[in-house]
Amino acid sequence: MYGEGADPRNATLKTGETVSGPGILLVNDGTTNTVETTDATDICIGVSAGDSTRDVDGNLQTSAGALVSYYPLGGVLMVQSAGSQTYTTGVTVYVGASGQATATAGSNKKLGLYVGEGAASVAAGTMIPVMTAGAAIA
């Protein structure tokens, strides 16, 4: 099972936000009690389980009330990587912009440790395994 026994949770997306596919990093937008995709300095709370809700025409819903399912952090989760990143087994993975993980430290918050095989220069959107139990919470 993907979430190691954890069922995905549902959350309301911030108006105007969409999530396209699994593995997108999410953060709580504290002013509206909704979620949105992460920016580089955000504290990630979970990883999308799939697309956010769609309208009757099949387009990703951007209006108020759109939902997304996500897995809370805490185990090994598959997350989308930003492009041109290099990961080696055990390297720290950070929260990046546009809801994607990065190998770049800077002021980025820690997401966890890369637990896959070493991979050089992965393309944007490549799913990578990350042990998220050590994610930064402050």
Note to self: For the OH atom of Tyr114 and the OG1 atom of Thr88, what is their distance to the nearest 0.5 Å?
What the structure shows: 8.5 Å

Next item on the list: Scan Asp7, Asn10, Asp51 and name whichever one has a side-chain hydrogen bond (donor to acceptor under 3.5 Å, both in side chains) with Ser69.
Entry: Asn10

Next item on the list: Any pair with a residue in residues 26-39 that passes salt bridge (charged side-chain N to carboxylate O under 4.0 Å, His left out), sequence neighbours left out, goes on the list, sorted by first then second residue, please.
Entry: Lys14-Asp29, Lys14-Glu36

Checklist line | Thr89 side-chain N/O to Gly116 backbone N/O, donor-acceptor pair under 3.5 Å | finding: yes

Checklist line | Leu111 side, atom CG; Thr92 side, atom OG1 - distance, nearest 0.5 Å | finding: 10.5 Å

Next item on the list: For residues Gln80 and Thr126, determine if any side-chain heavy atom of one lies less than 4.5 Å from a side-chain heavy atom of the other.
Entry: no

Margin query: Rounded to the nearest 0.5 Å, what separates atom CG in Asn28 from atom OG1 in Thr31?
Written below: 9.0 Å

Checklist line | Thr15 side chain reached by Thr32 side chain, heavy atoms, under 4.5 Å | finding: no

Next item on the list: Output the distance between atom CG (Leu73) and atom CG (Leu25), rounded to the nearest 0.5 Å.
Entry: 8.0 Å

Margin query: I'd like to know if Val27 and Val130 are part of one continuous hydrophobic network [Ile/Leu/Val/Met/Phe/Trp/Tyr, side-chain heavy atoms within less than 4.5 Å].
Written below: no

Margin query: Can a donor-acceptor pair be found, under 3.5 Å and without considering hydrogens, that links the side chain of Asn108 to the backbone of Val95?
Written below: yes

Notebook entry, point to check: Got a sec, which residues hit side chain to side chain donor-acceptor pair (under 3.5 Å) with Thr18, two or more places apart in sequence or on another chain?
Noted result: none

Next item on the list: Could you list the residues that satisfy side chain to side chain donor-acceptor pair (under 3.5 Å) with Arg9, not counting sequence neighbours?
Entry: none

Margin query: For residues Val35 and Val47: do they belong to one hydrophobic cluster (side chain heavy atoms under 4.5 Å, members Ile, Leu, Val, Met, Phe, Trp, Tyr)?
Written below: no

Notebook entry, point to check: Are the side chain of Ser48 and the backbone of Ile24 linked by a donor-acceptor contact shorter than 3.5 Å?
Noted result: yes

Item checked: Qualifying salt bridge (charged side-chain N to carboxylate O under 4.0 Å, His left out) pairs with a residue from residues 106-128, counting only residues at least two apart or across chains -> none

Checklist line | Min side-chain heavy-atom separation Thr34-Leu13 under 4.5 Å | finding: no

Item checked: Distance in Å, Cys44 SG paired with Tyr94 OH, rounded so as to fall on 0.5 Å steps -> 15.0 Å

Next item on the list: Identify the two heavy atoms, one from Thr37 and one from Ser98, that lie closest to each other, and give their separation to 0.1 Å.
Entry: CB-C, 4.3 Å

Check: Roughly how far, to the nearest 0.5 Å, is the CD1 atom of Ile128 from the CD atom of Gln100?
Finding: 10.0 Å

Notebook entry, point to check: Which atom names give the shortest non-hydrogen contact between Val79 and Ala101, and what distance separates them?
Noted result: CG2-CB, 4.0 Å

Next item on the list: State which residues pass side chain to side chain donor-acceptor pair (under 3.5 Å) with Thr53; sequence neighbours excluded, sorted by chain then number.
Entry: Gln61

Margin query: Counting only heavy atoms not in Asn59 (residues, nucleotides, ligands), do more than 12 fall under 6.0 Å from its CG?
Written below: yes

Notebook entry, point to check: Do Leu67 and Thr12 touch side chain to side chain, with heavy atoms closer than 4.5 Å?
Noted result: yes

Item checked: Shortest non-hydrogen separation from Gly46 to Tyr70 and the atoms involved -> CA-CD1, 3.8 Å

Item checked: For the student: nearest non-hydrogen atoms of Val68 and Gly50, plus distance -> CG2-O, 4.1 Å

Notebook entry, point to check: Can you name the closest pair of heavy atoms from Gly96 and Thr38 and give their distance?
Noted result: O-OG1, 2.9 Å

Margin query: Taking side chain to side chain donor-acceptor pair (under 3.5 Å) as the definition, give me every residue that meets it alongside Tyr87, ordered by chain and number, with sequence neighbours left out.
Written below: Ser81

